[in-house]
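Shown next, in structure tokens, is the structure this report addresses.
Owing to the predicted nature of the structure, the values given are computational and were not obtained by experimental measurement.
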Amino acid sequence: MAAPCGRGALPLALIAVSTAFLTYSALLSSRSFPPLPSAASFPTATTTALFSSSSSSRRLATGGSGGPRPFHTAVTASGSVYNTWQCRVMYHWFKEARQQARGAEMGGFTRILHSGKPDEFVDEIPTFVADPLPDGADQGYIVLNRPWAFVQWLQKADIQEEYILMAEPDHLIVKPIPNLSRDGRAAAFPFFYIEPKKYEKVLRKYFPENGGPITSIDPIGNSPVIIEKESLSRIAPTWMNISIAMKKDPEADKAFGWVLEMYAYAVASALHGVGNILHKDFMIQPPWDLEIGNSFIIHYTYGCDYDMKGKLTYGKIGEWRFDKRSYENKPPPRNLPLPPNDVPQSVVTLVKMVNEATANIPNWESYAAE
């Protein structure tokens, strides 16, 4: 069932900033942001130590590092047809993986719907309805709603698990996912195109030199990430503020483009002293990754185009293709044609998984006909 978020804004709170973050404070003071929850503050050496202490206490309470550490999977979505069909497919495979694992560490699931209103799928997919940013605040970059939605969900939802897996609608879970985080550090996938060193000059506006070396910023986005709920609750307001500040900063906006919000999360994580264990096997991204290997997730962000001999024709529409952007206004039909011979296993598996999901999701054809 949906857990609608109230339409009223969250209570306004002052942001406590230590002298080590005067550069960042000056940047924020010149901009207008959505109201923040009262927990919004930047880390100091003391608060970073508290993270470690409280994390250790929780691990001891749940049987130590060897005991199960369930995590809650959360996916943000806009409510568009494009996001919705992906969420339905993603949730199908989440349930399959959790059943295969007999629960294990895969706990609950929430679609964080930042459209501000419930849709027809709130009884199919566990859903929390969050408010979108005020009109015009996302500046045409709808991804800015993601951190704002997480702020609301973390403050208002009753989340039983002590860990969160942040995932995305275009993730297919290939096999059960264990809790990969360890010893207060989150688990994250390293993206080759997140290059903090390359953009050090821009990033120093948000991560001053006295905060540490630029290598403290990991090459990650917010997803996929498995992180302690307490740590994410502290990071999320900072992630939101930095995302909006970067979008309003012409230099940062030009440098980071469509991955701006990913850089903002990486910076916020570093500001709060939350390190990340980088797992290259966390997911694969067809068509560039050819085999499933030991990965847990298929991320189908790139289009897959091939000729009928199985040769990749990336950048040119292929004789055979699967591209999620082909279905922005209408879900894909059931029983998509499989790729030609000699197409990599990753792409074949992707299409087979989409087909299996759509064949088993109730009312898929009636939804596609709408």
Side-chain angles (χ1 to χ4, degrees), residues 5 31-34 36 73-87 90 110-117 119 127-154 164-171 188-196 199 202-203 206 217-225 227 232 235-269 283 285 297 299-303 323-325 327-329:
C5 175
R31 289 167 166 80
S32 176
F33 301 100
L36 298 178
T73 299
V75 178
T76 56
S78 67
S80 66
V81 170
Y82 179 64
N83 264 184
T84 301
W85 71 257
Q86 292 173 45
C87 283
M90 194 275 184
T110 299
R111 174 184 59 151
I112 306 174
L113 184 63
H114 53 73
S115 62
K117 57 185 179 181
D119 64 9
T127 298
F128 175 92
V129 180
D131 289 330
L133 288 166
D135 288 346
D138 66 13
Q139 303 168 72
Y141 181 54
I142 196 171
V143 183
L144 285 186
N145 284 281
R146 180 179 292 159
W148 174 223
F150 265 106
V151 167
Q152 296 172 70
W153 179 63
L154 289 162
I164 306 293
L165 164 60
M166 292 184 284
E168 294 184 21
D170 60 353
H171 285 178
F189 177 79
F191 290 90
F192 72 88
Y193 48 78
I194 302 298
E195 304 176 275
Y199 296 104
V202 180
L203 290 172
Y206 308 92
I217 302 174
D218 291 320
I220 63 171
N222 84 290
S223 174
V225 168
I227 186 171
L232 183 59
I235 289 171
T238 311
W239 171 29
M240 180 187 73
N241 275 330
I242 295 176
S243 295
I244 296 173
M246 283 182 171
K247 188 62 183 175
K248 290 187 174 183
D249 176 354
E251 186 180 20
D253 191 25
K254 181 179 179 181
F256 303 140
W258 64 277
V259 296
L260 179 148
E261 166 267 342
M262 296 173 67
Y263 273 97
Y265 179 82
V267 170
S269 182
M283 71 180 187
Q285 301 185 96
I297 293 170
H299 182 208
Y300 54 100
T301 189
Y302 298 105
D323 188 338
K324 64 180 183 177
R325 295 162 193 83
Y327 306 103
E328 291 187 349
N329 300 311

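Using a 4.5 Å cut-off on side-chain heavy atoms (C-beta onward), I164 and W153 make contact. No side-chain heavy atom of D218 sits under 4.5 Å from any side-chain heavy atom of S269. Residues E328 and V81 form no side-chain contact, since every pair of their non-hydrogen atoms from C-beta on lies 4.5 Å or further apart. Looking only at side-chain heavy atoms (C-beta outward), R146 and E168 come within less than 4.5 Å of each other. For the pair M90 and T73, the minimum side-chain heavy-atom distance is below 4.5 Å. Residues S78 and N145 are not in side-chain contact: their nearest non-hydrogen atoms beyond the backbone lie 4.5 Å or more apart. Side-chain atoms of Y206 and D249, non-hydrogen and from C-beta on, do get closer than 4.5 Å to each other. Counting heavy atoms from C-beta on, the side chains of Q86 and Y327 never come closer than 4.5 Å.
Here the closest heavy-atom approach between residue L144 and residue I244 is recorded as CD2-N, 4.2 Å. Residues I194 and P219 come closest through the heavy atom pair O-CB, 3.3 Å. Here the shortest heavy-atom pairing between P250 and K248 reads CD-O, 3.3 Å. Summarising the geometry of V225 relative to Y265, their closest heavy-atom pair is CG1-OH, 3.9 Å, with the distance given to 0.1 Å. Counting all heavy atoms, side chain and backbone alike, V267 lies closest to M246 at CG2-CE, 4.3 Å. Taking all atoms of both residues into account, the shortest heavy-atom contact from G221 to M262 is CA-CB, 3.8 Å.
From L133, atom CG reaches atom CH2 of W148 across 7.5 Å, with rounding to the nearest 0.5 Å. The CG atom of L113 sits 8.0 Å away from the SG atom of C87 when rounded to the nearest 0.5 Å. Rounding to the nearest 0.5 angstrom, the gap separating the NZ atom in K324 from the CH2 atom in W85 is 8.0 Å. Once rounded to the nearest 0.5 Å, the distance linking CD1 of I227 with CG of L165 reads 11.0 Å. Atoms CD and OH, on Q285 and Y300 in that order, are 13.0 Å from each other to the nearest 0.5 Å. Residue E195 holds its CD atom at 13.0 Å from CD1 of I217, rounded to the nearest 0.5 Å.
No side-chain donor-acceptor contact under 3.5 Å links W239 to the backbone of F150. S223 places a side-chain N or O within 3.5 Å of a backbone atom of M166 that can act as its donor or acceptor partner. Looking only at distances, a side-chain donor or acceptor of R325 sits under 3.5 Å from a matching main-chain atom of T301.
Taking the six-membered ring for Trp and thresholds of 30 and 60 degrees, F256 and Y263 have nearly parallel ring planes, at less than 30 degrees apart.
A donor atom on one side chain and an acceptor atom on the other are not found under 3.5 Å apart for D253 and Y141.
Y82 pairs by the ring-ring contact (aromatic ring centres under 6.0 Å, His included) definition with nothing, not counting sequence neighbours.
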